[in-house]
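Structure first, commentary second.
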There are 2 protein chains.
Amino acid sequence: MPKDRAPTRIQKKNRKAILDSALDIFSARGFRGATVDDIASAAGLSKPNLLYYFPTKESIYLTLLEGQLDTWLDPLRALESDGDPLDQILAYVRRKLEMSQAYPRESRLFAHEIMQGAPRITDILSTDLRQLVDEKAALIQGWMEAGRLAPVHPHHLIFSIWSLTQHYADFDVQIRAVLPGEDPFAAAPDFVETLYRRLLTP
Amino acid sequence: MPKDRAPTRIQKKNRKAILDSALDIFSARGFRGATVDDIASAAGLSKPNLLYYFPTKESIYLTLLEGQLDTWLDPLRALESDGDPLDQILAYVRRKLEMSQAYPRESRLFAHEIMQGAPRITDILSTDLRQLVDEKAALIQGWMEAGRLAPVHPHHLIFSIWSLTQHYADFDVQIRAVLPGEDPFAAAPDFVETLYRRLLTP
DNA sequence: CGTCGCTTTGACCATTTGGTCAAACCAATT
DNA sequence: AATTGGTTTGACCAAATGGTCAAAGCGACG
């Protein structure tokens with residue numbers, strides 16, 4: 001593995017290729033279902049060569065998880081107290097749905113990890129994520145108490161947004177198998193907007 | 001493996017124990033994350049002994065998937081054209097949520113399988129499940145056209161029910177990490193009922 | 001109580017898989 | 001062109017894992 005210097009051109013290229021291939025494979029098969037060999041050949045490298053850039057399979061996986069976590073939570077962070085509450089929520093839902101469409105691999109990566117019991121990120125979930133959610137739930141609660149949104153349990157509201165939007169990424173195969181021809185994401189934005197509009201309009 | 005006769009008392013007991021332990025482990029770790037040894041010792045058997053009852057790891061997994069699929073779809077099948085449409089939908093949602101609470105392992109088993117691309121059940125999804133969903137979607141569509149339910153895309157309505165209810169089982173860890181103390185399933189029934197009531201009341 | 005057929009197991013095997021290592025290979029700088 | 005340091009690989013290893021098998025154990029029934 002290279003020294004502690006500025007990464008060379010080759011290092012940048014290969015680390016990026018590895019992480020991209022690894023995301024493909026981890027997101028499709030979970031941590032244990034992915035093999036180092038598969039990731040390596042998907043990245044166009046030999047296994048020892050891959051292990052020259054990342055010391056272990058786990059280190060690749062952790063790099064991905066940690067590297068994407070912030071991005072993944074950005075939409076929720078952007079939920080602000082300014083402006084119309086319903087618009088804020090709808091914008092959040094829309095961002096979340098766009099992320100599921102644009103980054104389904106990331107969605108599945110987290111889904112796998114959480115369904116395994118989230119062994120590598122429980123502490124983050126119960127500290128950072130929990131704090132963020134509590135904060136935004138309080139904001140929503142405030143809107144509801146002010147009569148600016150119809151009242152519902154704010155935490156469960158957030159869960160429902162997660163589940164609904166990520167479902168389109170995580171269960172893509174099922175949706176496509178069931179939906180007659182049409183692109184799952186075609187009608188989804190309208191549907192979720194309608195749903196949250198009717199749920200939350202005071 | 002035993003001949004083609006009526007199963008003995010011991011066979012019944014052991015097959016049941018194996019399937020139960022296997023459900024524990026497959027649902028927690030997915031197919032590749034589960035080892036035959038783990039399942040065997042969880043069932044209180046040696047590995048060769050387990051393989052005396054099921055020829056392969058895959059056969060255990062398939063037995064579970066197929067054995068639970070019908071049960072898993074029963075709530076949707078029970079959606080009938082009789083009675084008040086909203087009550088029918090709300091009853092479906094309630095049944096589905098109860099199943100997530102009572103059978104989280106089964107929910108996760110299917111979730112894992114589908115997230116892997118559903119290699120073993122794609123055909124069932126695109127035939128049986130699709131037909132069932134189409135049928136019920138048509139029923140819902142009819143209710144909406146008759147003005148007895150507020151109009152939304154019926155397929156996506158069904159997806160939303162799946163995602164919302166199964167989320168409580170599949171992402172249990174995350175929900176518990178985020179929810180301040182309370183039991184996730186305590187407020188869930190009220191929340192989902194409110195959601196679908198507001199969404200669908202004409 | 002002996003036999004027959006179901007049940008259980010220790011020992012074993014082949015394959016897969018994560019990871020190591022020394023040697024070869026390049027690329028750029030002097 | 002020689003040197004230096006990053007890059008690549010073939011060969012190899014140990015552990016894990018799915019599965020086999022012959023032999024031993026056991027239960028019920030005549």
Side-chain angles (χ1 to χ4, degrees), chain A residues 1-65 112-113 116 119-120, chain B residues 1-65 112-113 116 119-120:
Chain A
M1 40 208 121
K3 294 283 166 56
D4 211 349
R5 298 188 193 165
T8 69
R9 169 182 50 95
I10 296 181
Q11 279 168 39
K12 270 191 210 162
K13 186 183 62 128
N14 281 345
R15 286 185 67 99
K16 187 172 284 186
I18 291 169
L19 288 175
D20 189 66
S21 304
L23 182 53
D24 267 354
I25 294 185
F26 281 132
S27 69
R29 307 190 219 156
F31 182 76
R32 295 217 31 182
T35 74
V36 177
D37 256 320
D38 289 340
I39 298 172
S41 61
L45 301 175
S46 67
K47 180 167 67 168
N49 199 7
L50 181 148
L51 291 169
Y52 168 73
Y53 290 102
F54 290 89
T56 61
K57 176 182 167 185
E58 176 106 11
S59 68
I60 309 175
Y61 187 70
L62 285 179
T63 302
L64 278 177
L65 273 187
H112 274 294
E113 176 63 16
Q116 309 276 340
R120 292 143 181 114
Chain B
M1 42 209 119
K3 294 281 165 58
D4 211 350
R5 300 187 189 163
T8 69
R9 169 182 52 93
I10 295 180
Q11 279 169 40
K12 272 191 210 164
K13 183 182 62 119
N14 281 345
R15 286 184 67 99
K16 184 171 288 188
I18 290 169
L19 288 175
D20 189 66
S21 304
L23 182 53
D24 267 354
I25 294 183
F26 281 132
S27 69
R29 306 191 221 157
F31 182 74
R32 296 216 34 185
T35 75
V36 177
D37 257 320
D38 289 340
I39 298 173
S41 61
L45 301 175
S46 66
K47 179 167 68 167
N49 199 7
L50 180 148
L51 291 169
Y52 168 74
Y53 291 101
F54 290 89
T56 62
K57 177 183 166 183
E58 176 107 13
S59 69
I60 309 175
Y61 187 70
L62 286 179
T63 303
L64 278 177
L65 273 188
H112 274 295
E113 177 63 15
Q116 309 277 337
R120 292 142 181 118

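Basis for what follows: all heavy atoms, side chains included, without hydrogens, waters or symmetry-related copies. A, B, ... follow the sequence lines: proteins, then strands. Residue 1 opens every chain.
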**Message:** Could you work out, with ring-ring contact (aromatic ring centres under 6.0 Å, His included) as the rule, every residue matching Phe54(B), not counting sequence neighbours?
**Reply:**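 Not a single residue meets the ring-ring contact (aromatic ring centres under 6.0 Å, His included) criterion with Phe54(B).
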Value in whole Å for how far the [atom2] atom of [N] lies from [atom1] of [X]:
{"X": "Phe54(B)", "N": "dG18(D)", "atom1": "CZ", "atom2": "C1'", "answer": "16 Å"}
{"X": "Leu45(B)", "N": "dG18(D)", "atom1": "CG", "atom2": "P", "answer": "16 Å"}
{"X": "Lys47(B)", "N": "dC12(C)", "atom1": "NZ", "atom2": "C1'", "answer": "10 Å"}
{"X": "Leu50(A)", "N": "dG10(D)", "atom1": "CG", "atom2": "P", "answer": "15 Å"}
{"X": "Tyr61(A)", "N": "dG19(C)", "atom1": "OH", "atom2": "P", "answer": "15 Å"}
{"X": "Leu51(B)", "N": "dC12(C)", "atom1": "CG", "atom2": "P", "answer": "19 Å"}

**Asked** Counting only non-hydrogen atoms, which of residues 18-42 of chain B are less than 4.0 Å from DNA chain D?
**Response**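 Ala34(B), Thr35(B), Val36(B) - these, ordered by number, are the residues of the stretch whose heavy atoms sit under 4.0 Å from the strand.
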Rounded to the nearest 0.5 Å, what separation is found between the [atom1] atom of [X] and the [atom2] atom of [Y]?
{"X": "Ile60(A)", "Y": "Leu65(A)", "atom1": "CD1", "atom2": "CG", "value": "12.0 Å"}
{"X": "Leu50(A)", "Y": "Asn14(A)", "atom1": "CG", "atom2": "CG", "value": "9.0 Å"}
{"X": "Lys47(A)", "Y": "Ile39(A)", "atom1": "NZ", "atom2": "CD1", "value": "11.5 Å"}
{"X": "Gln116(B)", "Y": "Ser27(A)", "atom1": "CD", "atom2": "OG", "value": "10.0 Å"}

**Asked** If you look at every heavy atom in Ala43(B) and Ala17(B), which pair is closest and at what distance?
**Response**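 Scanning both residues, the minimum pair turns out to be CB-O, 3.8 Å.
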Between protein and nucleotides 28-30 of chain D, what N or O pairs are separated by less than 3.5 Å?
unit_1: dA28(D); atom_1: OP1; unit_2: Arg9(B); atom_2: NH2; d: 2.8

**Message:** Is the ring pair His112(A)/His112(B) parallel, tilted or perpendicular, if the boundaries are 30 and 60 degrees?
**Reply:**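 Because their plane-to-plane angle lies in the 30° to 60° range, the rings of His112(A) and His112(B) count as tilted.
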**Request:** Could you check whether the rings of Tyr61(B) and Phe26(B) sit parallel, tilted or perpendicular, using 30° and 60° as the cut-offs?
**Result:**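 Tyr61(B) and Phe26(B): perpendicular rings.
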side-chain N/O [X] vs [N] OP1/OP2, d < 4.0 Å:
{"X": "Tyr52(A)", "N": "dT7(D)", "answer": "yes"}
{"X": "Asn49(A)", "N": "dT9(D)", "answer": "yes"}
{"X": "Asn14(B)", "N": "dC6(C)", "answer": "no"}
{"X": "Ser46(A)", "N": "dT8(D)", "answer": "no"}

Checking contacts here: which listed nucleotide ([options]) is nearest the side-chain heavy atoms of [X]?
{"X": "Tyr53(A)", "options": "dT8(C), dG19(D), dT7(D)", "result": "dT7(D)"}
{"X": "Gln11(B)", "options": "dT8(D), dC6(C), dG19(D)", "result": "dC6(C)"}
{"X": "Thr56(A)", "options": "dA11(D), dG19(D), dG19(C)", "result": "dG19(C)"}
{"X": "Pro48(A)", "options": "dT8(D), dG19(C), dA11(D)", "result": "dA11(D)"}

**Non-neighbouring partners of Asp37(B) that pass side chain to side chain donor-acceptor pair (under 3.5 Å), sequence neighbours left out** =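 With neighbours one apart ignored, the set is empty.
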**Asked** Taking five pairs at each end, how big is the angle between the two axes of the helix from dC1(C)-dG30(D) to dT30(C)-dA1(D), to 10°?
**Response**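 Comparing the axis at each end, I get an angle of 0°.
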**Message:** By the salt bridge (charged side-chain N to carboxylate O under 4.0 Å, His left out) test, which pairs, at least two apart or in different chains, include something from residues 12-32 of chain A?
**Reply:**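 Counting only pairs at least two positions apart or across chains, the salt bridge (charged side-chain N to carboxylate O under 4.0 Å, His left out) contacts touching residues 12-32 of chain A are Asp20(A)-Arg105(A), Asp24(A)-Arg105(A), Arg29(A)-Asp38(A).
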**Message:** Check whether Ser59(B) reaches the backbone of Thr56(B) with its side chain - one donor and one acceptor, N or O, closer than 3.5 Å.
**Reply:**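 Side chain of Ser59(B) to backbone of Thr56(B): a pair is present.
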**Prompt:** Ignoring hydrogens and geometry, is there a side-chain-to-backbone donor-acceptor pair from Thr8(A) to Gln11(A) under 3.5 Å?
**Reply:**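 Checked: pair present.
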**Item:** Donor-acceptor pair present, Lys57(B) side chain and dG19(D) base, under 3.5 Å
**Value:**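 No.
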